Every structure is written in structure tokens, then in C-alpha cells.
Amino acid sequence: MENPKLPNRPFKKIALSCSGGGYRAAAFHLGSVSYLNRICYAGIPLLKNIEMLSTVSGGTIFGVFYAIGINENKDFEVIYTELRDKLSKLDLLKTGFSMLNAEYNWPNPYKSKNLINAFALQYDKEFTNGKTIGDLEKKEIHLKQMVFNSTEFNNGVNFRFKIGTSKHINKNQDYSGNYYIRIPKNLHTAIKLSDVMASSSCFPGGFEPLLWPKDFNYSVSDQKILQSDNARDIGLMDGGIYDNQGIESILNYKKGKGIYFDLVIISDVASPYMKPFEASILDVNPKNWKLLTLKKIKHRINSVNNCITYILSIVILLCGIYPVLYNFPNTIWTGVSITLFIVFTLLLFLKVTIVSFLKNEYRSYLSKLISGPFKFYAEKLKGFKIEELSIQMLEPLLINRIKSLTILLMDVFLKVTRRLNYDKLYENDQYKYRRISNLVRELTEFDYNNRLTREKIKASTRPHLLSVSGNYNDLIGKNIKSIAESAANFGTTLWFTEENKTEKMLDKLIASGQFTMCHNLIVYLEKLIYTKDSGFDELESNIKEEIKDLYNTCLKDWQKFKDHPMIMVDDLIFQH
């Protein structure tokens, strides 16, 4: 009878999720997968045993590129080299902004001219070469299903682009979209993979939403299909808003049929930490201008406005009096005076008209706000004389609110959602021996020591790595520490600066994915081999030998990584 925790054939059916995180994520995942391709289980690279791929944001850049590559029968070494080269050279943001210039010939009249669509067009040119979902579904590959995740803004839930061959599709569960919105099959196959990448990596603040189906139009025939389907526009944004690891999509695969996958690998570059809130405090030694109140500022503005009016009036008066006093003599000064009189009179008229218009518009708008959505607050604020407060007093009031709101939106909400999806996997005891977390931060000194303390691992159960009898420098080493710290602290961008290139940041991220995956495989294999209730002893003898062989291979590689952490970045002779 199959052990409910450890499957009879470990590593046979693997699911891989790749988190968001821009180029940092794409590079780290590329490194992680390159190591899975390097090592073998039962004579087959572990990468070939991955049946499902679920990606988010920057992970989708890697995922789509990899899927297209294997669909085109490219060797992994070729895919690896091509993606590494593109990540190194392409500055998506710089090129994207240049495409928004008025003189740029926007190639697709059906797509809105904005930044996210500029990225979609770049993805199409540089990464996907016009490929569609239908192109990936035509051929059997080791990935039986691919899910590229985004978030839709009508219902606030995941919006999945699911791709699989017809042989592996369950029509009741496997459809693109979500429970509320399903993409019609005749549109599904026509969707360009570049738009899938764009919608998955469309992070808030940096981009506007990508609209389904408006921004997914490619031709007149598509437009006719959309009109006949009466589809309404839906805003799609970064999949990380809902599930930054893509875990839920994996747990939903063949849902209702028990635990399907032998192993779930979560490759993740997101940080679990938040910067602490630092309040802006009252400036005890303010500069003179900070002592100004809104009332004084308004008074000064009015004074400047009146001064300009007086100056214009005096100039107009002088220019008008001169020709009159001298009976309009036929001289150049008469012409200059009349011209200046007309020009400054018009300027004064425009100034008075514009200022009057702006004042009226301001009063009208303020009146609508007070009588409309902010009526309740206006009543409460009647006793609050904001015009009497100085900039010194107002500054912390405004900055602290903006800071807290930003942290709430960009950190608290996302990290709460992240924990909820993690818990679905880590609080389910059925996955105890079927999961590996491959986290970009976990080999930094701070995170590693925290893990040792938290898990209180005994030396007898983990003889090589996670043993409390050792210390960080002995177990991980200063060479890996340097690369791991650099990779963990690299920001979420869609470019590498010249300084980043000089520091070989791309290669450090790739190397970090490689040695972190090696480390986590060793930890996982030790857990299987040395934990009494894992079910390892009940496995067939040949399977136990294969697991031990895999373990020994990883141990040998780990020693190489400790000496030279980037040794496998350029090593394209993978051990099959």
C-alpha cells in the first residue's frame, strides 16, 4: 500500500512553481532549473520529470521562454544560453518608454498605446516570436500543463492562462480564465504568449492594467469574434497580487483526486520581510519656509498676483499715455508703445480671465466634494482650521499617512496573501515529504541561522548540512555567502544597469539558483533517508539506491559550489 506521505516512486511526477520578481526571478529560476537538468534520477534529468509548471510575473518570463524552447526541440543548453543573453542585453523599460513617443509607429492599432502594451510588443519581438497558446498545445512535451498566472480586477482573484495538450486536458477543470470569467476556446488558442507574459508581469504602480479582451486583439477577424461574443473589458495585472508563487494553480491540478504530484518545488525570490514603519516626526528646527501656514502662503500668492496686476496696469498706462501726449508722432517709439499697449492689455485680460476661471473651477470642485462623497468628513472637519497649520505641522501628518498606505498596499496585503497560499501547502501533512522550497534568501547568514534555530535540527538526523553542531561559515562558507547576499538584495527590475553587468549580477543570480537548488535537494533527500517515518525503508531496493545515488551526486556538487559558487554558470556540459 502506498505511503500517504512518501510516494512509491519519488521524483516521478514533479510540479514546479516560479515566483514573480522581475529579472531577478527569471535569472534565479533559470539557474534553479539548470541544476535540475544537470542531475539525474533513474538515468533521466530531474527537469524531464516536471509535469506541471506554474509561474508568476518574472517567473513567467522564464516559463514562457522555456516552454517555447522545448516545444521547438531546442536542447536545454541552447535555451539557457539564449535567455541568459537576452536578460543581459534587454532594457525593457528604456525601450518601452521610447515606444510611447509620438513619432513611434505603433504596430498594432488594436492595442492601446501604453507602457504595458509596449512591453507586450517587446516580449513578442524578443522572447516569443509571435507564438500563441495554440502553438504550444500542438505538441506533446514533458510539461503536461503550464499555468501562467495573472490577477483580474473585476473579482479580485487569479486569472490563469492554462496550456496543455488535448491528451492531458480535463474539460471540466482546465480552462483559461477563472470561475467567473472563462476565455472562449476560439480565442484561447489565438492568444499571443507575449500578452500572457505582459499580463502576468504587469505590477501595480509601474504599469496600467492590460485589458482583456481589448488588448489581446490582433486582427479584424479577432475583432469580429470579440464583438460576437459580447466580451467586456477586464483589467489584468501581476499574478503576484493574488498568489506570488503560483501555488494555488498546482494544488488545483486534478483537484479531488487526492495528492497527484510526488514532489512540489517552489522556486521563490520574494522576501518575507518588511521594512519597519518609520514615522516622520515634527521638525524641531524647521527652515523659515516650513513655518509658513497655508493661510500665509495663500496671502503671498495673492500678493504676487496683485503685484503682477499692478505692474501690467502701469505698463499699459505708460504705453497708452506716451503716444497720446505727443499726438501720435510718426516715430518707432509710437509703434512700440502701441504694440506693447495691445500685448500687455491682452496679457492682463488673459491673466484675470484664467485666474478667475481657476478660482471658480476650484470652488465648484470643492463644493461637489463637500456635498458629495466627502460630505461626512467635511462636517467632522469644520472645527479643524487647516489653513492655520504650518508646513512643519502638516508634513508629518501627510507623509506618515502616505507611508503607511504604501506599506499596506505593497507589503502587508501581498505578504498576507503569500502566507495564505504557502499555508495551503505547508499545513497539509500529506505534503510533508513531497515539497521543496527553493528560496533566494535562505542561504544568507541571517536566514540560515534563523532556520537552524527555528527547526532545532539534530545532528543525527541531518549528517551533512542542517546540523546544529556546525556553524554557518562551516556549513555554507564565505564564498557562497557573498553570492547569496548579493542575489537576495538585488531589487525587482526589468533591466541590468552597466554597474550590475560589471558586478556580474545576472550570473550571480543564476549561480544562486543553482547552488540553492543543490542545497535544498540535499536537505530534502536527508529528510527522506534519515527520518524514520518517511516511508523510505518501505521503498523498493532499486528506488532507494537511485535516491542515494542522487543524494551523493548532490553532495559532490555542493563541495564544488562551496569552493567556486559560480562554477556551473558557464558549464554547459551537463551531466546526463
Side-chain angles (χ1 to χ4, degrees), residues 6-7 9-18 27-53 62 66 69-70 75-81 83-84 141-143 261-267 433-440 442-443 462-466 476 480 483-484 509-530 536 539 542-576:
L6 180 63
R9 301 183 67 82
F11 301 104
K12 185 67 175 177
K13 296 178 294 185
I14 302 175
L16 172 66
S17 75
C18 297
F28 182 80
H29 302 323
L30 178 62
S32 301
V33 167
S34 72
Y35 188 73
L36 293 177
N37 184 67
R38 181 183 181 87
I39 55 174
C40 294
Y41 174 76
I44 300 173
L46 273 185
L47 180 58
K48 299 295 183 183
N49 287 344
I50 294 178
E51 289 192 8
M52 182 179 181
L53 178 65
F62 157 75
Y66 174 72
I70 58 174
D75 291 336
F76 180 81
E77 293 83 356
V78 175
I79 299 171
Y80 174 93
T81 303
L83 183 54
R84 182 185 174 196
I141 55 178
H142 72 84
L143 297 174
F261 292 109
D262 301 324
L263 178 62
V264 176
I265 302 175
I266 303 160
S267 187
Y433 299 103
R434 298 181 186 229
R435 62 192 176 217
I436 294 177
S437 289
N438 191 57
L439 313 179
V440 73
E442 64 184 310
L443 297 188
R462 306 284 177 87
H464 292 285
L465 286 177
L466 286 176
I476 305 301
I480 285 179
I483 305 297
L509 287 163
I510 292 172
S512 180
Q514 292 171 336
F515 60 64
T516 305
M517 182 62 78
C518 175
H519 170 274
N520 284 313
L521 279 168
I522 294 172
V523 173
Y524 173 71
L525 290 164
E526 286 186 343
K527 185 177 179 180
L528 298 188
I529 296 169
Y530 295 103
F536 177 79
L539 294 176
N542 63 317
I543 294 177
K544 288 192 285 188
E545 288 303 313
E546 291 288 353
I547 291 176
K548 289 179 180 179
D549 286 344
L550 178 61
Y551 176 56
N552 289 326
T553 299
C554 291
L555 284 177
K556 291 176 183 177
D557 284 343
W558 180 252
Q559 292 306 313
K560 295 177 184 178
F561 281 130
K562 286 185 71 174
D563 294 332
H564 304 287
M566 298 177 69
I567 192 172
M568 296 181 188
V569 173
D570 289 311
D571 180 9
L572 297 182
I573 305 174
F574 291 86
Q575 300 173 356
H576 290 171

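Predicted model, so just to flag it, every value in this text is computed and none were measured.
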Taking every non-hydrogen atom, the tightest pair across [X] and [Y]:
X      : Y      : answer
Ser267 : Ser32  : OG-OG, 3.6 Å
Leu509 : Ala27  : CB-CB, 3.7 Å
Lys560 : Met568 : CD-CE, 4.4 Å

Can you establish whether the number of heavy atoms outside [X] located under 6.0 Å from its atom [atom1] is more than 12?
X      : atom1 : value
Lys544 : NZ    : yes
Lys562 : NZ    : yes
His564 : NE2   : no

Hey, does Cys554 have a side-chain heavy atom less than 4.5 Å from the side chain of Tyr35?
->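 With C-beta onward as the side chain, the pair touches.
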
Indicate yes or no: at least one non-hydrogen side-chain atom of Leu53 is less than 4.5 angstrom from one of Cys18.
->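 Yes, their side chains come closer than 4.5 Å.
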
Take Thr516 and Val440 through the test side-chain contact (heavy atoms from CB on, under 4.5 Å) and record every step on the way to the result.
-> CA-CA 7 Å; Thr516 305; Val440 73; over 6 Å; no

Using modelled atom types and a 3.5 Å cut-off, is there a donor and acceptor pairing between side-chain atoms of [X] and backbone atoms of [Y]?
X      : Y      : value
Asn37  : Val33  : no
Tyr433 : Phe536 : no
Asp262 : Ile14  : no
His519 : Trp558 : no
Asn49  : Phe11  : yes
Tyr80  : Val569 : yes
Glu546 : Ala42  : yes

Start with the C-alpha gap between Ile543 and Tyr41, add the side-chain angles, then the distance that decides, and say whether side-chain contact (heavy atoms from CB on, under 4.5 Å) holds.
-> CA-CA 9 Å; Ile543 294 177; Tyr41 174 76; 3.5 Å; yes

Take the angle between the ring planes of Phe561 and Phe515 and call it parallel below 30°, perpendicular above 60°, tilted in between.
->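 The rings of Phe561 and Phe515 stand perpendicular, inter-plane angle above 60°.
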
Phe62 and Phe28: CA distance, side-chain angles, deciding distance, side-chain contact (heavy atoms from CB on, under 4.5 Å) verdict = CA-CA 9 Å; Phe62 157 75; Phe28 182 80; over 6 Å; no

Do Gln514 and Ser34 have side-chain N/O donor and acceptor atoms under 3.5 Å apart?
->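 There is such a pair (donor and acceptor under 3.5 Å, judged by atom type) between the side chains of Gln514 and Ser34.
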
Test side-chain contact (heavy atoms from CB on, under 4.5 Å) applied to Leu36 and Leu521, step by step | CA-CA 10 Å; Leu36 293 177; Leu521 279 168; 4.2 Å; yes

